[in-house]
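Structure first, commentary second.
Naming convention: chains lettered A, B, ... in sequence-line order (proteins, then strands); numbering from 1 in each chain.
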2 protein chains.
Amino acid sequence: MQALSKTTIYAIRALIYMLNNQQTNQYINIRDISNDLDISFHFLTKILQSLTKQGLLSSYRGATGGIAISKNPQNIRLIDLIYILEGNDFFDKCLLGLPGCGTLEPCPAHEIWSVAKDDLKMKFENASILDLKNLKGRITNESLELATA
Amino acid sequence: MQALSKTTIYAIRALIYMLNNQQTNQYINIRDISNDLDISFHFLTKILQSLTKQGLLSSYRGATGGIAISKNPQNIRLIDLIYILEGNDFFDKCLLGLPGCGTLEPCPAHEIWSVAKDDLKMKFENASILDLKNLKGRITNESLELATA
DNA sequence: TTATTTTAAGACTTCAATATCTTAAAGATG
DNA sequence: CATCTTTAAGATATTGAAGTCTTAAAATAA
């Protein structure tokens, strides 16, 4: 199940990368991020641009330029990134894709799906990128396993 | 959040439709299903074909032909349709799309996501299309609301 | 100033899911 | 038989996400 778009996935990985590598008041090179995380440079740039426009990052051009996290990473939650990059209706969608599905005109799966969405929403509300950074997991593609999942 | 592909969504809606309309030992016309559910006829036909190959449906050609549910609808669960149409690795995917993400080499979100997936998996294991039929929800696009969600 | 580096932004390309179109095969009907 | 209807199956087209390429703008440094 691919819950998140690559756009959102790349944003999450990049932000954790930045937390791992950011010195005080230091701008981080986007090219470095894209190289280390194996993400298309131009695609990543555009994703980060939208985070800059939203005030989560600050950017600086030129030879010593780059981007930096400008918002308290404890207040950058997964759900914030999802709302910015996937849209505010992310958790409003019907499992069967039916328009107007809700309490008034529910689809057969409405109740099941609503509960599942609420559970997931809560998890995403309670997970900041600082939390994820402190969990110290892998954010690169490198894996010991031969088979991919 | 679009958890399921249109392929799986159409299959679920078509099966519930069939339960709602099926007489004893009667073949149902695919054209009728596609008309009533506003689904592309040829696309739906192919989806139903794969369910026929898997033994969930039986089909019959010719003037009085159609398709019929051949398996006990109580034993056709959402998870069965998902495995058939989305693949057996549906619940194995990493939230961040990383290959080989697992207990050995987890991504930062692995634990959160694993629990969420297990919860959802259980819901889909416990929901048969007969259950969904009995919940009597809406399976068509018709909605009273003007704004769509 | 001139050249270089980096982010910003737009145009274009690729790819897989989805949708459509056409033909074949099986069965019914007259 | 010939004709019609329906599912089966393949080819082609469309669409949006994802990825690539090119140019502009801002800042640094020679």
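One atom, CG of B:Asn29, and another, P of D:dC4, lie 18 Å apart when rounded to the nearest Å. In this structure, the CD1 atom of A:Ile28 is 14 Å from the P atom of C:dT6, given to the nearest Å. Regarding A:Leu48, its CG atom lies at a distance of 9 Å from the P atom of C:dT7, rounded to whole Å. The CG-P distance, from B:Leu85 to C:dT18, rounds to 11 Å in whole Å. Rounded to whole Å, atom C1' of D:dA27 lies 17 Å from atom CD1 of A:Ile67. If you take CD1 of B:Ile47 and P of D:dT7, they are 14 Å apart, rounded to a whole angstrom.
Between B:Tyr83 and B:Phe91, the angle of the ring planes goes over 60°, which puts this pair in the perpendicular group of the 30/60° scheme. Classified by interplanar angle (parallel below 30°, tilted 30° to 60°, perpendicular above 60°), the ring pair A:Phe43/A:Tyr10 is perpendicular.
Counting heavy atoms from C-beta on, the side chains of B:Asn141 and B:Arg13 come closer than 4.5 Å. Within the 4.5 Å cutoff, the side chain of A:Leu81 has heavy atoms near those of the A:Leu51 side chain.
Side-chain N or O atoms of A:Gln22 include one that pairs as donor or acceptor with a backbone N or O of A:Ile69 at under 3.5 Å.
Side-chain contact of A:Ser128 with A:Gln74: a donor-acceptor pair under 3.5 Å is absent, judged by distance alone.
Sorted by residue number, the members of residues 53-63 of chain A with any non-hydrogen atom under 4.0 Å from DNA chain D read A:Tyr60, A:Arg61, A:Gly62, A:Ala63. DNA chain D is contacted by B:Ile30, B:Phe41, B:His42 of residues 30-44 of chain B, taking any non-hydrogen atom closer than 4.0 Å. Listed by residue number, the members of residues 5-18 of chain A with any heavy atom below 4.0 angstrom from DNA chain C form an empty set.
Within the structure, a side-chain polar atom (N or O) of B:Gln49 is placed less than 4.0 Å from OP1 or OP2 of D:dA9.
Hydrophobic clustering of Ile, Leu, Val, Met, Phe, Trp and Tyr side chains at less than 4.5 Å, counting indirect connections, keeps B:Tyr60 apart from B:Leu56. Transitive grouping of hydrophobic side chains (ILVMFWY, heavy atoms separated by less than 4.5 Å) keeps B:Tyr27 and B:Met18 in distinct clusters. Put simply, A:Leu78 and A:Met122 are part of two different groups of oily side chains (I, L, V, M, F, W, Y) that touch within less than 4.5 Å, one to the next.
The environment of B:Glu125 atom CD is dense: over 12 non-hydrogen atoms of other residues, nucleotides or ligands sit within 6.0 angstrom.
Residues A:Asp118 and A:Lys121 are not paired through a salt bridge, judged by the lack of any N-O separation under 4.0 Å between the basic side chain and the carboxylate.
Taking only distance into account, the side chain of B:Lys46 never meets the base of D:dT7 through a donor-acceptor pair shorter than 3.5 Å.
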